[in-house]
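Pasting a structure here, questions to come.
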Amino acid sequence: MSDTEETSADGQQPAPPRTPAARAARAGLAGLCGLLAGYAALAVAELVAAAVRPRSGPLVVVGGAAIDATPTPVKDWAIRTFGSDDKFVLQLGMALVLALCAAALGVVSLRYRRAGAGGVLLFGVVGAVTALSRPEGQYTDVVPSLAGAAAGAAVLHLLVGFVRAEPDGTGPVAAGPVGRVAATGRRGFVLAAGAVAVTATGAGWLGRFLGAARGAAAEASREAVTLPAPSSRAAPVPRGAELQVAGLGDFITSNSRFYRVDTLLRVPRLTTEDWSLRIHGAGVSRPVNLDFAALLERGLIERDITMTCVSNQVGGSYVGNARWLGVPLAPLLREAGVRPPSKGGPADQLVARSEDGMTLGSPVETVMDGRDAMLAVGMNGEPLPFEHGFPVRMLVPGLYGYVSACKWLRELELTRFEDMDVYWVKRGWAREAPIKIQSRIDTPRPLADVRSGKVAVAGVAWAQHRGIARVEVRVDDAPWRTARLAEEDSQDTWRQWLWEWDAEPGSHTLQVRATDKQGCTQTADRVGTVPDGATGRHSVVVNVT
């Protein structure tokens with residue numbers, strides 16, 4: 001008897017020829033079963049998460065855990081390479097991995113039906129455990145992952161049953177009822193698969209609808225906010241603070257263009273009614289609990305402040321300048337009984353916790369040294385955008401954002417650096433991080449072709465809370481030339497600069513350096529962002545024709 005033909009007793013019909021193409025087609029159908037099961041699992045999980053808590057969805061909790069577990073150099077590379085799209089790239093990668101795993105489980109189910117369904121359930125358990133392990137995890141957060149996994153396992157068990165009824169040439173096809181199942185299996189599979197796809201899509205749509213309803217409530221809450229007039233207004237931006245040079249960015253960065261760097265796959269959308277703040281810890285003799293209305297009743301200040309991310313590379317764009325409105329932080333801490341270490345206070349670290357459980361640690365001494373540290377509620381004349389921390393975020397001029405600029409703020413705890421390492425410190429970043437002096441060439445752009453003659457070389461420089469005293473530019477190895485500085489708004493903002501270059505034909509390297517008001521000149525030593533910010537001088541190569 002040949003390998004491609006079999007006979008059997010008891011009235012069974014000969015099986016079709018055993019061909020590689022038939023086996024591949026059957027495995028492909030099984031893989032499709034796995035994909036549909038995974039799709040159904042995620043759709044059901046997201047629907048349940050919309051009802052339980054939006055951030056409890058498996059993609060959000062597992063994605064957040066993946067971000068937390070990513071080594072610092074890899075995370076830094078992702079931010080440099082993908083910018084604010086790093087979250088999208090991560091989600092795309094997760095979707096690809098999940099799709100491959102789901103398809104593989106479908107193929108496994110051909111031979112081991114229960115094992116395939118068990119694999120789907122295992123993914124749900126992993127999601128549930130991860131949800132509980134998150135800093136902001138709640139017991140109810142396990143429900144979406146487990147519900148989705150149960151739905152996915154049931155779908156896989158159902159659909160694979162139809163595929164297993166299809167002959168593949170590996171055994172005889174029975175006459176009678178079993179034969180009729182085989183004959184109708186493909187039709188049943190198509191109907192069942194279609195029903196699963198439609199139902200899962202409906203569940204996903206309903207989950208998005210519920211999520212959008214929550215988002216709409218938050219949007220309405222933000223739109224209803226009327227920001228009080230500040231008791232201390234920012235001075236008008238000096239007329240000469242913004243140089244009118246093509247290619248040079250605006251002095252005030254619009255909200256839509258302001259950089260965003262954080263670890264969240266889904267931005268919290270809180271209402272003002274949901275928000276409250278608690279201040280407690282070492283040295284707090286009068287714990288504070290404030291709601292949003294009570295916060296706005298306090299005197300507000302308005303200040304122009306430039307913020308910088310520690311992940312900003314030399315010449316990078318993770319820096320922006322905005323007009324902020326907020327409650328001064330130091331007076332609030334003093335009302336709670338807090339004293340800085342220099343005045344006998346027991347706490348040297350102010351730990352800020354956000355809605356998502358993120359922790360950032362600021363030096364108490366710095367926060368209370370007289371600078372305009374604040375709990376910001378407004379940005380460029382409007383309530384904070386959700387992406388930038390609505391309803392309330394923290395802001396300390398002169399410190400990198402990872403130690404000072406907690407978004408979606410919910411809690412302030414006074415403690416000591418030696419007693420608690422916050423999120424980024426656990427991952428190798430420095431405990432204290434004053435912003436380093438930097439300068440950047442905005443125009444001409446790298447590798448630009450420019451005509452010989454007068455060429456405007458312009459950019460920005462910053463040394464927050466110290467101020468910029470001088471900016472110099474040089475071409476190739478020529479002596480440094482002093483650039484013209486724009487008018488200074490404040491020592492907490494960046495400063496634009498301009499140098500007129502008599503450009504001669506050829507390829508040239510332009511380099512810039514700045515000096516702050518304390519006499520510190522920007523170093524040429526090139527150092528990466530870890531652990532406390534990049535150093536080096538920005539340079540661009542241009543071609544003059």
Side-chain angles (χ1 to χ4, degrees), residues 20-50 57-63 65-66 87-128 130-131 144-168 170 181-182 184-208 211 265-266:
R23 290 185 175 182
R26 194 165 183 256
L29 286 176
L32 179 59
C33 291
L35 290 174
L36 287 170
Y39 177 50
L42 289 177
V44 170
E46 291 303 316
L47 172 59
V48 175
L59 286 179
V60 174
V61 297
V62 174
K87 315 296 189 306
F88 171 76
V89 173
L90 173 62
Q91 289 177 306
L92 190 63
M94 289 175 58
L96 178 60
V97 170
L98 288 174
L100 292 174
C101 291
L105 287 174
V107 174
V108 167
S109 296
L110 271 178
R111 185 176 295 270
Y112 307 104
R113 193 175 182 184
R114 291 181 179 177
V120 177
L121 291 174
L122 180 60
F123 271 87
V125 171
V126 170
T130 303
S145 293
L146 295 180
V155 166
L156 182 60
H157 192 269
L158 170 68
L159 294 182
V160 167
F162 288 103
V163 178
R164 284 163 62 94
E166 283 286 312
D168 68 343
T170 60
V181 169
T184 60
R186 185 159 299 174
R187 184 192 313 158
F189 172 79
V190 171
L191 292 175
V196 167
V198 171
T199 303
T201 300
W205 179 88
L206 181 57
R208 287 182 176 274
L265 295 178
R266 182 169 295 173

Problem - For Ala43 against Gly204, the heavy-atom pair lying closest together - result: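 It is CB-N, 3.9 Å.
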
Handout entry: Atom of Gly207, atom of Leu47 and distance for their closest heavy-atom approach
Key =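 Here Gly207 and Leu47 meet closest at N-CD1, 3.7 Å.
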
Handout entry: Criterion side-chain contact (heavy atoms from CB on, under 4.5 Å) on Gln91 and Leu265, from CA distance to verdict
Key = CA-CA 8 Å; Gln91 289 177 306; Leu265 295 178; 4.0 Å; yes

Problem - Gap separating the CG atom of Leu98 from the OH atom of Tyr39, nearest 0.5 angstrom - result: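 Result: 14.5 Å between the selected atoms.
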
Handout entry: Separation between CG of Leu35 and CG of Leu159, rounded to the nearest 0.5 Å
Key =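 The distance works out to 11.0 Å.
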
Problem - Check against side-chain contact (heavy atoms from CB on, under 4.5 Å), Cys33 and Phe162 - result: CA-CA 10 Å; Cys33 291; Phe162 288 103; over 6 Å; no

Handout entry: Arg113, CZ: over 12 other non-hydrogen atoms inside 6.0 angstrom
Key =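 Yes, CZ of Arg113 has more than 12 neighbouring heavy atoms, counting only those of other groups under 6.0 Å.
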
Handout entry: Shortest non-hydrogen contact between Val108 and Gly116, atoms and distance
Key =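 Shortest heavy-atom separation between Val108 and Gly116 comes out as CG1-N, 4.5 Å.
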
Problem - Heavy-atom pair with the smallest gap, counting every atom of Ala41 and Gly152 - result: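 So the minimum-distance heavy-atom pair works out to CB-CA, 4.0 Å.
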
Problem - Smallest separation among heavy atoms of Pro58 and Glu46, with atom names - result: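 Minimum heavy-atom contact is CD-OE2, 3.8 Å.
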
Problem - Nearest heavy-atom neighbours spanning Thr130 and Ala65 - result: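 Answer, listing the atom of Thr130 first, then Ala65: CG2-CB, 3.5 Å.
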
Exercise for the section: Look up atom CZ in Phe123 and atom CG in Leu42, then write down how far apart they are to the nearest 0.5 Å. Expected result: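 Reported to 0.5 Å precision, the distance equals 10.5 Å.
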
Handout entry: Separation between CG of Leu110 and CG of Leu105, rounded to the nearest 0.5 Å
Key =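 Going from the CG atom of Leu110 to the CG atom of Leu105 covers 12.0 Å.
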
Handout entry: Step-by-step side-chain contact (heavy atoms from CB on, under 4.5 Å) determination, Val120 to Val155
Key = CA-CA 10 Å; Val120 177; Val155 166; over 6 Å; no

